[in-house]
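First the structure, which I've put down as structure tokens, then a few questions once you've had a look.
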Amino acid sequence: MYQVVPGGAGGTITDVIPKQKHTKDTRPLVGAGVIGLLLVIAAVTAWCYYIASLRKAELLKTQLLDLNKDGYIIRNQGGSIVFRMDFRSGTLDLDSCSKEEEILRCGRTTDRKLKFFIKTVRPKDTVQCYRVRWEELVPDIPVEHAMTYKFAHWYGGAVSAIQHWPISLSGQQAPKPFVTSDIYSNRDEFGGILESYWLSSNATAIKINNSVPFHLGWNDTEKTMYFQARYHDTPFKPNLGEAPCAELSYRVCVGSDVTSIHKYMVRRYFNKPYKVPAKVMFEHPLWSTWALHKRDIDQEKLLTYAANIRKYSFNCSHLELDDRYTKHYGDFEFDPVKFPNASEMFQKLKLDGFLVSLWIHPFVNYDSENFHTLVERGLFVREPTGRLPALVHWWNGIGGILDFTNPEARDWFASQLRSLRSKYGVSSFKFDAGEINYLPWKFSTKNHIRDPSFFTRRYTEMALHYNDRAELRSGYQSQNISCFFRPIDRDSVWGYELGLKSLIPTVLTISILGYQFILPDMIGGNAYLNHTSGERALPDKELYIRWLELSAFMPSMQFSIPPWEYGNEVVEIARKYTAIHESIVAPRVLELAGEVLDTGDPIIRPLWWIATGDETAYKIDSQFLIGDDLMVAPVLEPGKQERDIYLPAGHWRSYKGERFDIKEALHLTDYPVDLDEIAYFVWV
């Protein structure tokens, strides 16, 4: 070591430590220090990313919903996942997402711009709702979300040819237009009564907005329903002047139990009837000529049918003259050969105490004189260019279909109905058809409609002036038409495909969709030759009796094939059950019908309505409730005079007088039910 002392040329005095060369032994320490520094930097970086991810995760939460790039999940108050939706039309770019109070917004996917948001709404303490909207900015790109349905049992949507309760989907189906269809002729399509609404046993409901060009598909293997919006290869159309940019928007609501969430959804999103149909429609059966005579009806047969109703001492709300009383389809005058004295016939029926309704439809065949008049006046639905009327094929031939978006066509049709009423005293009408499958795949109407099922709605409006006794078989946003809605024709068979077993699931589905004034199809089915067991067209006797018993506990009853076709035994059973219907069922149904105007709640209810936490109740499709206090359990199997019955907890008295005071649900195994009986239990 050296020391510099003051002196010389006035330099500063400093201590100097000579530089030493690193030895071999100190180098590992330096390396370790570098590695340690890198680890510290990595840890700090990871912590920053972790904090950022926490902030992003918090950003993508709203109440009980968690959003990610591929979809979202919703939990209930207990933390369990009750709803899951996956995005199949793109992956969200989460860096484009932001949160403003209760709204999550995203501006793009990984490859394009879009408008996406989820808005949280809490309308009441027990309900949490989420408004979801995915809007494409480029034309002809479909939007598709995939809902997992494995978490619960689901109900609603549409009637179907093979009806189950809860919904049972099989196979795979690419998304197809969710529009009304005649499922008797097209058994793989959606039915004539439908609403884009579904409800689950875990208290979750989803309602697709009416503005959506909605297509529905499914995959049973993945337990997934596909909700799709698109404008290509579809009868849906954008508004005039708008680009075909698809938008999928809907609401998901979660409640405390399945009954309360359905009550909320019905009150919030469904139309409701404004009046109750005629009281006598609930009390006395309707008698139709269809299943008994088909198209081979004439004046003499109608008068004989009416005379026999009186002969066998049955009541009648009204007599329904079905297909075919005119010479050509599209005429509005009686065939003079089949009905030579129509005016006198109506007068006699009136004197005998019968009101008469007529079968009508929206078609005018080309051989009707009205066809040429309507072509000249431009009152038919037209082909896409709008220059020519569209010819359609329906079950009774080829013709045009009236354009019910056209006020002039509506007025013409209404004038024909008024003429029949004033000339003959017709009480009402059976409005048949109305489904979209009878329109061309591509068509044009006087007034633009973006959703083809809105044509069904327009047709149902023609029943408004006759809704005391009118019946419809199709409906879309039509709950406020306030008349009876009838499921499509049933076959005279026992099973789930348009048979006796399908009746309860179908009525429950229609009820959940908001249609409460239900006219079940004809007792015994329609007796079509190719869909009837046995050598004769007459339905099996046992089937007929069991169908009769079930119908007696529906809001209304409808005969066509009369009980006297089977002899005195069945006549006596029919008298017994029409009396039970009038004395026990009708008063309760009428009371509930009055409540429907305010609440929209079902008259015919599933068992889970009063047993919301009961897993067994969610799956029962052969029992039902009238209100909360009358439970019905019909026999639906051939050759059986007993059945298993599920009795919810409570205080019940059976039709035999037995008392059941039970704190937990009870299974009654092999409960005896004779051929002339139906099991029912009244809340005490």
Side-chain angles (χ1 to χ4, degrees), residues 182 184-185 192 281 284-309 314 316-335 337-339 342 345-346 349 354-365 368 394-397 416-417 420-421 424-435 438 459 462-463 466 469-474 483-492 498 519-529 531-532 537-539 547 551 556-562 565:
D182 175 354
Y184 196 87
S185 302
M281 284 285 290
H284 297 161
L286 180 162
W287 297 76
S288 170
T289 63
W290 173 247
L292 180 62
H293 292 297
K294 303 297 190 294
R295 297 179 183 88
D296 188 25
I297 186 66
D298 58 31
Q299 182 171 319
E300 181 181 356
K301 290 176 180 176
L302 180 62
L303 290 172
T304 300
Y305 191 48
N308 281 329
I309 294 171
F314 286 102
C316 175
S317 65
H318 66 274
L319 192 60
E320 189 174 82
L321 176 55
D322 212 296
D323 186 6
R324 124 183 216 185
Y325 57 88
T326 63
K327 186 176 182 180
H328 304 106
Y329 293 106
D331 294 349
F332 286 85
E333 189 51 82
F334 283 84
D335 182 342
V337 175
K338 300 178 75 175
F339 295 86
M345 178 188 73
F346 273 90
L349 289 169
F354 289 97
L355 296 175
V356 181
S357 67
L358 296 179
W359 173 78
I360 56 169
H361 52 82
F363 309 103
V364 179
N365 281 9
S368 169
W394 63 298
W395 68 90
N396 278 329
Q416 307 305 311
L417 304 188
L420 287 168
R421 169 172 272 190
Y424 299 107
V426 172
S427 66
S428 192
F429 299 93
K430 172 184 177 177
F431 292 81
D432 214 352
E435 299 94 348
Y438 290 111
Y459 176 59
M462 302 308 299
Y466 307 96
R469 288 179 171 81
E471 71 173 83
L472 287 157
R473 82 171 197 192
S474 57
C483 71
F484 276 89
F485 285 82
R486 172 182 65 89
I488 196 71
D489 300 17
R490 302 289 112 172
D491 287 326
S492 299
L498 297 178
L519 177 68
D521 198 41
M522 300 163 194
I523 291 168
N526 283 258
Y528 295 125
L529 284 172
H531 290 290
T532 302
L538 202 63
W547 208 305
S551 294
S556 57
M557 298 180 71
Q558 183 178 22
F559 285 104
S560 183
I561 293 174
E565 288 285 318

Nearest atoms (heavy-atom pairs only) where Ser288 meets Ser560: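 Heavy-atom minimum between the residues: O-OG, 2.8 Å.
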
Check: Gly524 main-chain N/O paired with Ser492 side-chain donor or acceptor under 3.5 Å: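 Present.
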
With Glu333 via side chain to side chain contact (heavy atoms under 4.5 Å, CB included) - residues at least two apart: Lys423, Tyr424

Those residues that, when tested against Trp394, pass ring-ring contact (aromatic ring centres under 6.0 Å, His included) (two or more places apart): Tyr329, His361, Phe363

Donor-acceptor under 3.5 Å (Arg473 side chain, Phe485 main chain): no

side-chain hydrogen bond (donor to acceptor under 3.5 Å, both in side chains) involving Ser185 - partner list, sequence neighbours excluded: Asp182

Test item: Tyr325 side-chain N/O and Lys338 main-chain N/O as donor-acceptor pair under 3.5 Å: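 Not at all, since once roles are kept as given, no pair shorter than 3.5 Å links the two residues.
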
Derivation and outcome, side chain to side chain contact (heavy atoms under 4.5 Å, CB included), residues Leu319 and Ile309: CA-CA 10 Å; Leu319 192 60; Ile309 294 171; 3.9 Å; yes

ring-ring contact (aromatic ring centres under 6.0 Å, His included) partners of Trp547, counting only residues at least two apart: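 For Trp547 there are no ring-ring contact (aromatic ring centres under 6.0 Å, His included) partners, ignoring immediate neighbours.
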
More than 12 heavy atoms of other groups within 6.0 Å of Lys327 NZ: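 No - once you tally the heavy atoms of other residues, nucleotides and ligands closer than 6.0 Å, there are 12 at most.
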
Least distance between heavy atoms, Arg469 atom then Ser317 atom: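 Result for this residue pair: NE-O, 3.8 Å.
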
For Leu358, the option from Asp322, Leu417, Val426 that meets side chain to side chain contact (heavy atoms under 4.5 Å, CB included): Val426

Exercise: do Arg324 and Asn396 side chains pair donor with acceptor under 3.5 Å: no

Side chain to side chain contact (heavy atoms under 4.5 Å, CB included) between His318 and Ser428, intermediate numbers included: CA-CA 9 Å; His318 66 274; Ser428 192; 5.7 Å; no

Test item: Leu292 and Pro562 side chains (from C-beta on) under 4.5 Å apart, heavy atoms: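 Contact flag for Leu292/Pro562 side chains = yes.
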
Pair Tyr528-Lys294, side chain to side chain contact (heavy atoms under 4.5 Å, CB included): steps then yes or no: CA-CA 9 Å; Tyr528 295 125; Lys294 303 297 190 294; 3.7 Å; yes

Heavy-atom pair of closest approach, residues Phe484 and Ser556: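 Of all heavy-atom pairs spanning Phe484 and Ser556, the closest is CE2-OG, 3.6 Å.
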
Side chain to side chain contact (heavy atoms under 4.5 Å, CB included) involving Ser474 - partner list, sequence neighbours excluded: Glu435, Thr456, Tyr459, Thr460

Heavy-atom pair of closest approach, residues Asp323 and Ile297: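 So the two residues come closest at O-CG2, 3.9 Å.
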
Contact summary for Asp489 and Tyr184, nearest pair of heavy atoms: O-CD1, 3.5 Å

Closest non-hydrogen atom pair, Met462 against Phe431: O-CZ, 3.5 Å

N/O donor-acceptor pair under 3.5 Å between Thr326 side chain and Phe334 backbone: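 Flag not set: sc Thr326 to bb Phe334 has no pair under 3.5 Å.
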
Test item: side-chain donor near acceptor, Asn526 and Trp290, under 3.5 Å: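 Yes, side-chain donor-acceptor contact under 3.5 Å.
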
Residue list, side chain to side chain contact (heavy atoms under 4.5 Å, CB included) with His328, at least two apart or on another chain: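 Partners of His328 under the side chain to side chain contact (heavy atoms under 4.5 Å, CB included) test: Asp331, Asp367, Ser368.
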
Spacing of Glu320 atom CD and Glu471 atom CD [to the nearest 0.5 Å]: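 If I round to the nearest 0.5 Å, the distance is 4.5 Å.
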
Full working for side chain to side chain contact (heavy atoms under 4.5 Å, CB included) between Ile523 and Ile561: CA-CA 7 Å; Ile523 291 168; Ile561 293 174; over 6 Å; no

Ring centres under 6.0 angstrom apart (Trp287, Phe354): no

Interatomic spacing from CE in Met281 to CD in Gln558 - rounded to 0.5 Å: 8.5 Å

Main-chain N/O of Arg490 paired to Asp521 side chain as donor or acceptor, under 3.5 Å: yes

Any donor-acceptor N/O pair, Lys430 side chain to Ser357 backbone, under 3.5 Å: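 No.
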
Check: Phe314 and Pro285 side chains under 4.5 Å, non-hydrogen atoms: no

Gap separating the CG atom of Leu302 from the CG atom of Leu349, nearest 0.5 angstrom: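 If we round to the nearest 0.5 Å, Leu302:CG and Leu349:CG are 5.5 Å apart.
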
